[in-house]
Every structure is written in structure tokens, then in C-alpha cells.
Amino acid sequence: MPENACAVSPQAATAGDPSPQTCIQVARQAAILAVTAADDAMTAVCRSRSGATARLEAVMHAAHKEAVEADEYADRAEQYADDPAMPSGAPLYCARQAVDHALRAQSAAGVETTAADLRAELERKLTAAEYAEQESARRQREAEQEAEDRAATGMDRENRDRAARNRYLAQGHVAELGWTAGHVRVMEAAESGRLYWRGGRARQAARHGVWDGGRRLSRERTQALFAARFLVAVRQDDNTRTLVPSPMGQVALELARLHPAGLYDSDQAAYEARFAKVRRRHKRRDDQKAAARLLPPLDSSARNLYRKPLLLTEQQARAERDAVDRWEGEGGSCPAVKAPRPPSTPAEPSLAPTTTWSSGKPAEQFTLW
């Protein structure tokens, strides 16, 4: 809830509570009554004689202060009613606060406290039919909002929350990697399954399986990522060593994509940041430089907390695949039972190496050079 929103945490709406529209109307009426009382107090100051001016000015300021509070709570009632993340009882709380400030404004101005009548509207309990209608409208609004969010993100609420947690996780860990955009390019080439090492050089093959030629990539960054175990090597039939992300490397790559602002602008800036972390008075200068040239591993907490969000299409493909597996596990075809359709599109590989380790050959961590 925004700062200075409420002094007491609003409670969730219960059966019989007024609708958000009623709360907004009451809060706005209370704000109007409070402003009117403050205007009356100001008019009294303008018409007063010199002897009573000081007292009337104090009354005017008190009424004005309460009117401002009432108007702010009326605005918050409207804002919270439109915010699905807010507790359902927030508009009612704000309406009550607006009425209380309106009563104090009228009392300070010395006018009739008509705002008390608004309390009855807030205290009136809804009938069962009114409450059912209110709940139906609320569920419809939530369903419409969920449909909009799914259309915009392609994810359900659980996976949207997971993506938000991953973004927060990335903000705290990407800078600790000491990477640049060049490191991300090497990792993305490895993720594609086309990064290979030959003749002391790293290259990205033009297409998978053709381990000859292709775009050159940074030898130094590739070596550093391999030494830090962000990359692992797989030996092909022709003894070519292809490089693929390790499980830790895949998580680090996903986090770096989520928070590119945590990457350093240059290799020198990244080196200096790493040097500042390993610098120790009791260490030799050469030892500190050697330590700074090494990339630190991804923190184990980030590896454990990261969970890749799934798109709705990925969930559907997984469900279809699981249905086929269950069908086959239960004995396959049965008379008068229609076989389930196989998935129309393959699911995206998970974080654990699958197709990128596809050759079926065990990954090795040997020396590249």
C-alpha cells in the first residue's frame, strides 16, 4: 500500500460489506461536505471583525486540514477499488476515514454534522441477493483482468509471479557474476548448441553438426566461462569439442537476460570490479590479479531459488506429452478407446541439459587448450 495510505491495515471485505462503488460514492460525498465546511470557515474569517480574526483563522486552518485528509481518502478509495492487488476491504476503510475527517471538519467549522448520516450507508448490511451480485461482479472483474494479463504475458498467475521473483533475484546476483555483454553472447552461442572449440579457437557453427568455419567468438571469455564451469564440453564423434551451458551456466544466462543493467560495459570494468572483491592486504599483487581474472561461480542461493516460468503453450505441450506417457504406461491401445493425439509442437528444453547434450555423450570438464 502506498505511503501514508492507512494508519491501520484494512481488513478483507466480508459478507454484508458495502460494494466498492458504494464506498467510493460515500467517500466522495464526505469529501464534498468537508470542503464545504472549510469554505464556510474561510468565509467567516473574511467577514469577521478584527477582534475575532485570530480564533476564526485557527478554526479555518483546522477545518481545511480535515478537508484535505477527507479528499485524499476519497481519491484513495477510487484508486484501491481499481487495483486488484489491494485488499478488498481497502475502499471501505478509506470511506470510513473520509467520513471521520468530514465530521471533524464540520465540527471544527461549527456547522451541522451532516456527515454522520453517511455512516449509516457504510454500516448497512447487504442482503444475500446484493452480496451474491457483488461477488459475481468481483469474480467477473478478476476473470477479465486475468484474461488481459494472460494475453499480455502468455503466462498464468503462478508463472507471472515466478517471473517477477526471478527478476528480483537477477537484480541481486547478475552484477556479482562479473560478466559483460560479450559473456552473454558466448553463453547464447553455447545454448544454441553450435559453439565448438577447435585449433585453440572458439567458433559458432553456421548450423548444428557442421563443425567447420563459422563466426569466431572471444577466446578469453570462452576460456573464462569454461574454467568457472558455466560451460561444459561434449566430445563429438569426430573428436570436436562442443561447448554447452552447465545447469549453473543456464541459470546465470537466464538471470543476465532478465537484468542486463547488471552487466559491465567493458572487460576492463568487469575486471576492476572483480579485483575490488578479491583485494586483500596480505595477498601478493600478482595473486590478486590472477584471482580477479577468474569468474566467480553463481551463488548457490540463486541456483536454488530460480525457477523457470512456463508459457501457457509450454504447459499445454507438457500436458499432452504426459497424457501420451500415461496412456502408453497403462498398456496403450484399448478397444473403443481413442488414442490421444501426440503433442503438435515440441516443448522448450528445460534448464537441465537435454537436447543440447543430445548426442547422448557424457559431458566432460577437461582442458580446452
Side-chain angles (χ1 to χ4, degrees), residues 1-35 65-106 113-169 307 309-312 315:
M1 191 173 293
E3 185 180 0
N4 298 327
C6 297
V8 181
S9 298
Q11 298 178 351
T14 58
D17 284 343
S19 66
Q21 291 73 22
T22 300
C23 294
I24 293 172
Q25 293 172 3
V26 170
R28 186 53 60 194
Q29 290 173 8
I32 292 172
L33 292 177
V35 171
K65 178 181 178 181
E66 299 297 336
V68 170
E69 291 290 334
D71 190 63
E72 288 181 355
Y73 273 107
D75 291 340
R76 290 169 190 162
E78 295 179 356
Q79 175 187 348
Y80 298 162
D82 294 333
D83 188 351
M86 295 301 299
S88 55
L92 175 59
Y93 179 87
C94 292
R96 287 172 175 165
Q97 292 296 313
V99 171
D100 290 343
H101 284 290
L103 283 170
R104 286 196 283 269
Q106 290 180 328
T113 54
T114 56
D117 298 335
L118 297 175
R119 280 181 173 170
E121 188 66 22
L122 293 178
E123 299 301 329
R124 185 182 74 84
K125 297 299 182 182
L126 298 179
T127 65
E130 290 174 329
Y131 178 69
E133 182 180 357
Q134 174 182 321
E135 284 299 295
S136 176
R138 180 185 62 81
R139 288 192 294 268
Q140 182 178 356
R141 289 195 301 271
E142 290 179 351
E144 292 173 352
Q145 183 64 47
E146 177 67 16
E148 292 177 4
D149 292 341
R150 288 189 175 209
T153 64
M155 293 183 283
D156 57 20
R157 176 174 296 181
E158 178 183 354
N159 283 280
R160 292 197 302 272
D161 292 342
R162 182 179 295 178
R165 290 193 295 270
N166 288 342
R167 287 192 294 270
Y168 179 79
L169 189 66
R307 294 292 183 275
L310 295 177
L311 298 175
L312 294 171
Q315 294 184 55

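Note that the numbering runs from 1 along the sequence shown for the chain.
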What one should report as the nearest heavy-atom pair of Leu312 and Asp156 is CD2-N, 3.9 Å
Note to self: Quick check on Arg157: does its CZ atom have over 12 non-hydrogen neighbours (other residues, nucleotides or ligands) under 6.0 Å away?
What the structure shows: no
Looking only at heavy atoms, the pair that brings Leu311 and Thr153 closest together is CD2-O, 3.8 Å
When rounded to the nearest 0.5 Å, the distance separating OG of Ser88 from CD of Glu142 is 9.0 Å
### Query
Are Glu158 and Arg307 within salt-bridge range, i.e. N to O under 4.0 Å?
no
Sorted by chain and residue number, the side-chain hydrogen bond (donor to acceptor under 3.5 Å, both in side chains) partners of Asn166 (sequence neighbours excluded) come out as none
dist Gln25:CD -> Glu78:CD (nearest 0.5 Å) comes out at 10.5 Å
Nearest heavy-atom approach of Pro309 to Ala163 is CG-CB, 4.0 Å
Worksheet item: Taking the side chain as C-beta and beyond, is there a heavy-atom pair between Val99 and Gln29 under 4.5 Å?
Response: no
Does the side chain of Glu133 come within less than 4.5 Å of Ser136's, by heavy atoms?
no
### Query
Is any NZ, NE, NH1 or NH2 atom of the basic residue among Glu72 and Arg76 found under 4.0 Å from an Asp or Glu carboxylate oxygen of the other?
yes
Closest non-hydrogen atoms of Cys23 and Pro18, given as atom of the first, atom of the second and distance, are SG-CG, 3.9 Å
Between Ala67 and Ala34, the two heavy atoms sitting closest are CB-O, 3.5 Å
dist Arg96:CZ -> Leu118:CG (nearest 0.5 Å) comes out at 13.5 Å
Inset, instruction - Give the ring-plane orientation class for Tyr73 versus His101, where under 30° counts as parallel, over 60° as perpendicular and anything between as tilted. - result: parallel
So Met86 and Gln79, do their side chains get closer than 4.5 Å, heavy atoms only?
no
Nearest heavy-atom approach of Met155 to Arg150 is O-CG, 3.4 Å
side-chain hydrogen bond (donor to acceptor under 3.5 Å, both in side chains) filter on Asp149, not counting sequence neighbours, yields Gln145
**Message:** Apply side chain to side chain contact (heavy atoms under 4.5 Å, CB included) to residues Arg28 and Asp75 and explain how you reach the verdict.
**Reply:** CA-CA 8 Å; Arg28 186 53 60 194; Asp75 291 340; 2.7 Å; yes
Using modelled atom types only, decide if a donor and an acceptor are shared between the side chain of Asn159 and the backbone of Leu310 within a distance under 3.5 Å.
yes
Determine whether a donor-acceptor pair (N or O, by modelled atom type, separation under 3.5 Å) exists between the side chain of Gln106 and the backbone of Ala115. yes
CG of Asp82 to CZ of Arg141, rounded to nearest 0.5 Å, is 9.0 Å
